[in-house]
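Please read these numbers as outputs of a predicted model, since none were measured by experiment.
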Amino acid sequence: MNVGERVRIKESVIFYHHPLHRNEAFDAKGLEGVVVTILTDYKGRPISPNFPVQVEFEVEGAKRPMRAHLKQDELETL
């Protein structure tokens, strides 16, 4: 998985920060987006984050795209 690739959420993942469903449980299974960042270091020091892949999702009707941190095994490349 690389930065710029299109991905799809393949498992059931619940978001509470979806712009159109704020503070409600939203199942994001099947949502498609673009990998923005894969976190491996912070200020030159190696880190091991629990959710290293940052994905940006275009949400129709929202002012700006939604970003979420996910695990690699929750995503599939398109």
Side-chain angles (χ1 to χ4, degrees):
M1 189 169 304
N2 298 315
V3 173
E5 286 185 338
R6 289 203 48 83
V7 293
R8 177 184 304 132
I9 298 177
K10 66 180 180 179
E11 297 178 3
S12 181
V13 177
I14 304 297
F15 290 147
Y16 287 90
H17 66 284
H18 190 278
L20 303 180
H21 303 279
R22 185 69 77 193
N23 297 327
E24 299 173 10
F26 176 77
D27 188 5
K29 184 176 181 179
L31 208 58
E32 296 180 6
V34 178
V35 176
V36 177
T37 310
I38 299 176
L39 303 171
T40 56
D41 68 327
Y42 177 72
K43 295 185 180 179
R45 295 177 22 210
I47 58 172
S48 58
N50 294 332
F51 302 99
V53 182
Q54 186 178 28
V55 182
E56 185 173 84
F57 302 98
E58 288 293 329
V59 179
E60 194 172 317
K63 293 181 183 179
R64 58 180 170 245
M66 177 187 77
R67 289 188 177 195
H69 292 265
L70 300 161
K71 298 179 191 175
Q72 287 189 357
D73 62 344
E74 295 174 331
L75 301 168
E76 63 184 351
T77 305
L78 299 178

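There is a path of hydrophobic side-chain contacts, each under 4.5 Å, that joins I38 to F57. Under the 4.5 Å side-chain heavy-atom criterion for ILVMFWY residues, no single connected hydrophobic cluster contains both L39 and L70. Cluster annotation: M1 and V34 are assigned to distinct hydrophobic clusters (Ile/Leu/Val/Met/Phe/Trp/Tyr, side-chain heavy-atom contacts under 4.5 Å, transitive).
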Exercise answer: donor-acceptor pairs, residues 12-22 side-chain atoms, under 3.5 Å, sequence neighbours excluded:
| from | atom 1 | to | atom 2 | distance (Å) |
| --- | --- | --- | --- | --- |
| S12 | OG | D27 | OD1 | 3.1 |
| S12 | OG | D27 | OD2 | 3.3 |
| H17 | NE2 | R67 | O | 3.1 |
| H18 | ND1 | L20 | N | 3.2 |
| R22 | NH1 | H17 | O | 3.3 |

Discussion item. Walk me through whether I9 and L75 qualify under side-chain contact (heavy atoms from CB on, under 4.5 Å).
Written reply: CA-CA 5 Å; I9 298 177; L75 301 168; 3.9 Å; yes
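Atom CG in L31 sits 10.5 Å away from atom CZ in R8 (nearest 0.5 Å). Remark: K29 NZ to E74 CD distance equals 12.5 Å, nearest 0.5 Å.
K10 NZ: more than 12 foreign heavy atoms inside a 6.0 Å radius.
Applying the side-chain contact (heavy atoms from CB on, under 4.5 Å) rule to P52 yields the partners P49; only residues at least two apart in sequence or on another chain are considered.
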